[in-house]
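Read through the structure below, which is laid out as structure tokens, and then see the notes.
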2 protein chains.
Amino acid sequence: MPMLTDPVAHLRDAGLRVTRPRLAVIEVLGRQPHADVDSISDAARAELGTVSTQAIYDVLKALTAVGLVRRIEPAGSPARFELRVGDNHHHVVCRSCGAIADVDCAHGSAPCLTASNDHGFSIDEAEVTYWGTCPDCSASTTSTVRQIPEGTP
Amino acid sequence: MPMLTDPVAHLRDAGLRVTRPRLAVIEVLGRQPHADVDSISDAARAELGTVSTQAIYDVLKALTAVGLVRRIEPAGSPARFELRVGDNHHHVVCRSCGAIADVDCAHGSAPCLTASNDHGFSIDEAEVTYWGTCPDCSASTTSTVRQIPEGTP
DNA sequence: CACCTTTTCTGGAATCATTCAAGAATATGC
DNA sequence: GCATATTCTTGAATGATTCCAGAAAAGGTG
């Protein structure tokens, strides 16, 4: 992962000051991709002892603005963040537990960007969200939805 | 638009009671696709005289649950709703003004659903959001950002 | 057609994520 | 080392959405 080799250098390259909260956030995102603000705060606090929620929001905004971090926001779930990796990947979101995983689009590096360039919009990005059920949730909900315990005849 | 021929029948078919707020919401969505809750409330109130915000939310939830209405939620914007049409279309969202337009995916009726079925998720829907600039915003921001009116030499 | 049950609507308050504001602390260039 | 611009802290505000309990209305039934 070229992204994590030197967070300090990456911050400097982006013209951002190197601060402890920023390094902590980057470090956390390296370990937990798709984390939400809450998880990031918790993990960062575990590392630094204390960080304000504002600082986390500000850091994420700054990192997102320079493109070091990417913000994803699946419907119905708070914003999540991931280290920006060069490749053009998308996400699968679990309908029941909200888990997110990366998915490389089947069409190579520039998937689906060829919308029938409708309505005069100039399109610069195609974001694909796959909705489904994650392995864990599939396992616990065998076929249809049945809450009745096994032993009930 | 087969969807609008008889809202009453559609409600009945879906097993929902026919109430004035529901008819109003459907009627409004027929005229303003991609409306947010606020616009829907306003338009519905203009028609019925008075409707509580709750009623609007409840109606939208009920209609969405039975599939008569589809909820879309582009990042950074409140939820928007559209009458569920059978075809599998996607949306272009304008980055500066938030305008939304429908886009038929270039791949026919089941676009991009062929994600490299990663991580064991069972995928049932692919949602594509195109991000760009709408004609109006493109026009007012000619090349770089310039607010200077045309007549200024 | 009147009645009864279920579902829906009203009004008000609560929640969650996110943002705003003003001052204190800190990183960086000279 | 110091000055200054940027970043972090604390505390409160905002906006969308949901929860709650009671009043009203819809639709099937006798």
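Just so we're on the same page: letters track the sequence lines, and every chain starts at 1.
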Toward the 5' end of DNA chain C, which comes first, V51(B) or Y57(A), by nearest nucleotide? V51(B)
For V51(B), does its backbone N or O pair with a side-chain atom of R45(B) as donor and acceptor, under 3.5 Å? yes
Would you mind reading off the distance between L16(A) atom CG and dC8(D) atom P, rounded to a whole angstrom? 10 Å
Respond yes when some side-chain nitrogen or oxygen of R12(B) is under 4.0 Å from OP1 or OP2 of dG27(D), and no when none is. yes
The side chain of D58(A) lies closest to which of these nucleotides: dC20(D), dT19(C), dC8(D)? dC8(D)
Distance below 4.0 Å between T19(B) side-chain N/O and dC9(C) OP1 or OP2: yes
What's R71(B) touching, base or sugar-phosphate or nothing? Going by heavy atoms closer than 4.0 Å. sugar-phosphate
Nearest to side-chain heavy atoms of P78(B), which nucleotide of dT18(C), dT9(D), dT17(D): dT17(D)
It should be established whether R20(A) places a side-chain nitrogen or oxygen under 4.0 Å from OP1 or OP2 of nucleotide dT9(D). no
Gap between atoms CG and P, on L63(A) and dC8(D) respectively (whole Å): 10 Å
Tell me the interatomic distance from D38(A), atom CG, to dT18(C), atom P, rounded to whole angstroms. 9 Å
If we count only N and O atoms by modelled type, under 3.5 Å, do the side chains of H91(A) and E127(A) hold a donor and an acceptor together? no
What is the separation between atom CG on L11(A) and atom P on dT7(D), rounded to the nearest whole Å? 11 Å
Which of dC8(D), dT10(C), dC19(D) is nearest the side chain of R22(A)? It is dC8(D)
Check whether the side chains of D42(B) and S39(B) place a donor and an acceptor atom closer than 3.5 Å, and report yes or no. no
Candidate pair E27(B) and R22(B), rule salt bridge (charged side-chain N to carboxylate O under 4.0 Å, His left out), full reasoning: CA-CA 8 Å; E27(B) 205 266 316; R22(B) 287 178 178 172; over 6 Å; no
Rounding to a whole Å, what distance do you find between L60(A):CG and dC8(D):C1'? 14 Å
E73(B) and R71(B) ion-paired at < 4.0 Å: yes
I want to check one thing: is the phosphate of dT6(C), taken as OP1 and OP2, less than 4.0 Å away from some side-chain N or O of R17(B)? no
Counting the atoms with a prime plus P, OP1 and OP2 as sugar-phosphate, which does T53(A) contact under 4.0 Å by heavy atoms, base, sugar-phosphate, or nothing? nothing
What is the separation between atom CZ on R45(B) and atom P on dC9(C), rounded to the nearest whole Å? 14 Å
From CD of Q54(A) over to C1' of dC20(C), roughly how many Å is that when rounded to an integer? 8 Å
Please report the distance, rounded to the nearest Å, between CD1 in I40(A) and P in dC8(D). 14 Å
If you assign each of A55(A) and R80(B) to its closest nucleotide in DNA chain D, which residue comes earlier from the 5' end? A55(A)
So what does A62(A) hit on the nucleic acid, given a heavy-atom distance under 4.0 Å: a base, only sugar-phosphate, or nothing? nothing
